There are 2 protein chains.
Amino acid sequence: MTKRLAEVAKKAGVSEATVSRVLNGRNGVSEATRASVLTALDVLGYERPTKLRGERGRLVGLVLPELQNPIFPALAEVVTASLAQRGFTPLLAARTIGGVPERDYIEMLLDHQVSGVVFAGGSYALADAEHGHYRALTDRRMPVVMVNAGVSDLGFPHISTDDAVAVEQAYGHLRSLGHERIGMVMGPEDHVPSRRKLAALEGKEIQVERTNFSMESARLAAAKLIDRGVTGMICASDVLALGSIRAARRLGLDVPGDVSVVGFDDSALMTCTDPPLTTVRQPIELMGQSAVDLLVNQIEGSGVEPDELLFEPELVVRGSTAPARKRY
Amino acid sequence: MTKRLAEVAKKAGVSEATVSRVLNGRNGVSEATRASVLTALDVLGYERPTKLRGERGRLVGLVLPELQNPIFPALAEVVTASLAQRGFTPLLAARTIGGVPERDYIEMLLDHQVSGVVFAGGSYALADAEHGHYRALTDRRMPVVMVNAGVSDLGFPHISTDDAVAVEQAYGHLRSLGHERIGMVMGPEDHVPSRRKLAALEGKEIQVERTNFSMESARLAAAKLIDRGVTGMICASDVLALGSIRAARRLGLDVPGDVSVVGFDDSALMTCTDPPLTTVRQPIELMGQSAVDLLVNQIEGSGVEPDELLFEPELVVRGSTAPARKRY
DNA sequence: CACCCCCGATGAAACGATTAAGTCGTCGCT
DNA sequence: AGCGACGACTTAATCGTTTCATCGGGGGTG
């Protein structure tokens, strides 16, 4: 058995040094050689030796888009607990408005020699942003799991709520209450879960407004929808739903009397809102645990196919939806 | 310049391998040799080469009691952003019910060679638990900052909201509304911020109930208070306040018509609750930044006196308080 | 057009830590 | 005493990383 790195080097027809550079994402390697090294790496199924794998570190990056929306702390809690149980420690990378760009976070995590990374929250950056820095992850064979996130073409396993089912539940609920003009308050155009939700209702007559994920921006979007005569709104998150409720009230309308609102997530405290929010629950605990399972499996070597695990959401009916009022 | 590890080995009169083992905490080294290696390490001021620690410093532990109460994610967000700006990365240690004990967390953080630790949330464990594992921190001269937390006798600097002012604001507010029988829903007996709040109202006639920090336990506590004729309640967190509101409703009472409730924190979404919560706001952003300031100052060497920084809270009046109804 | 300089890409070799295998001595049991 | 087992330690092999020299081409310059 020849030396491990050397073997790869021979296969690729380069020196060990060059392979090392590729592995660490250093520059000073031409695009052509980098590619050939990567395929050689792939063919031989190279794995980093224990000592460099951060086996000692047992750190895992946890990348969240924000912490204002309670669903993300909830996920963080599950993931943290699950990781701790298996002897890993989460490195928290929460993006903030105007904060550090995602690429820097990834770099930071790589610097700290994390054994893996959990991305959560379908940050829109994941969809449209240049994928350069994700390649740094694939190049290093970094175990990655994405929760409700985009970028499906990188070969990472995904954990997602079934957006199609979720949105159909919400839509069906509103229809069965007699709502005919239904609107959606979604995330940005390149937010993958929002895209999927829209796709699921393809063909139905639906008004759509996009927002970033702030309550205020949701208020604006919802106001526009109401202006167009919408009586039922499906929102891409609970926070957006709360913003939509606020919009209705600003216009002198009652929720759920005049306008019905359905949220998404069923994050904490939604039973305490005014009115209690009807929402589609994500099985966040299960999802968090599965994410950790998948990640640890990758880390410990047992291969994982880059599949997507779809979890079934569940409609929770509370007080923000009611039969449509006939408009005369 | 001789090889680095080899130099230490010569100084200590052992082989490189042995030094390596000491460095990595492996066993198979006698106590005597370990000690001599350590002194040699100390004398020569050995530092691990870059490639092995990957800038392993620059980690900061962030210890939170839970993530369900939105105030902690809010703090985490501020601290994370502030740390990132200065090139540090937070290691998240969130305690969960029945999860890993605090001592293990501290051990874990030390294992990862963090440069400092931020404790938040006045976990009651901090007050009564044996302080043995905190000694591990002082022993290592570990920079520490505590936010709203206990254990004042260990020489760590503190960042706190002025609990006395907070509770006086709440109390004054309720009194000025005509409430005479006032109750408090506080944390466990050894929760330091709760103690302080109680101390501030020493002498006043106040009913007190203790809870852990769950909404359900608050509901029970509040029910007892209401039973005793209380019409105004001061709660140690917003979540407890929501539980108290729920208690009142279960008893067929209106909030704020029959019972007024004041929260504490002003965490996210409290404008959306039913009714919107009157609460005492903690300047969480300022506090988080100050915490990081203090911590980084310690880390970078400029000494910091183990003082306590007290931040002024601010009463935010919303809809959960109203004039007392005369009881006939 | 010839020359030179600069710079990116690359490999050879030095480097530095880790680990496997082997050595030595001591302790305990027969 | 003899034997075996085990712990402590070294030797030597191992493996990835880094430094430094080299190569080669593009483009500006005389």
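Computation of the quantities below employed the complete heavy-atom set of this structure, encompassing side-chain atoms and omitting hydrogens, waters and symmetry-equivalent molecules. The model shown is predicted, which means the values in this text are computed figures rather than measured ones. Residue numbers begin at 1 in each chain, while the letters A, B, ... track the order of the sequences.
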Quick one: A:Asn27 CG to C:dC7 C1', roughly how many Å, whole number? 13 Å
Can you find a side chain N or O atom of B:Thr33 that sits less than 4.0 Å from OP1 or OP2 on D:dC9? yes
Would you say the side chains of B:Gln289 and B:Ser82 form a donor-acceptor pair under 3.5 Å? no
A:Arg34 CZ to C:dG11 C1': how many Å, rounded? 17 Å
Between A:Arg26 and B:Glu31, name the one whose nearest nucleotide on DNA chain D is closer to the 5' end. B:Glu31
Output yes when at least one side-chain N/O atom of B:Arg4 is less than 4.0 Å from OP1 or OP2 of C:dC15, else no. no
Measure the distance from CZ on A:Arg21 to C1' on D:dG16 and round it to the nearest whole Å. 12 Å
In whole Å, I'd like the distance from the NZ atom of B:Lys10 to the P atom of D:dC9. 20 Å
Could you check whether B:Val14 gets within reach of a base, just the sugar-phosphate, or nothing at all, counting any heavy atom under 4.0 Å? sugar-phosphate
Would you say the side chains of B:Ser30 and B:Thr33 form a donor-acceptor pair under 3.5 Å? yes
Euclidean distance, A:Leu295 CG relative to A:Met146 CE, rounded to 0.5 Å: 11.5 Å
Given atom CG of A:Leu5 and atom P of D:dT17, what is their separation to the nearest angstrom? 7 Å
Could you please name the option among D:dT18, D:dC9, C:dT19 that lies closest to any side-chain atom of B:Ser20? C:dT19
Send over the distance from B:Glu16 CD to D:dT11 P, rounded to a whole Å. 10 Å
How is B:Val29 classified with respect to the nucleic acid when contacts are heavy atoms under 4.0 Å: base, sugar-phosphate, or nothing? sugar-phosphate
Consider side chain to side chain contact (heavy atoms under 4.5 Å, CB included). Of A:Val14, A:Val43, A:Thr18, A:Val19, which one does A:Val8 pass it with? A:Val19
Is there a side-chain contact between A:Thr18 and the phosphate of C:dA9, meaning an N or O under 4.0 Å from OP1 or OP2? no
Look at the side-chain N and O atoms of A:Ser30 and state whether any lies under 4.0 Å from the OP1 or OP2 oxygen of C:dG8. no
B:Glu7 CD to C:dC15 C1': how many Å, rounded? 14 Å
Categorize B:Ser15 for me: base, sugar-phosphate, or nothing, with a 4.0 angstrom heavy-atom threshold over every strand shown. base
Side chain to side chain donor-acceptor pair (under 3.5 Å) assessment of A:Asp265 paired with A:Ser267: CA-CA 5 Å; A:Asp265 285 345; A:Ser267 34; 4.7 Å; no
Distance below 4.0 Å between A:Tyr46 side-chain N/O and D:dC15 OP1 or OP2: no
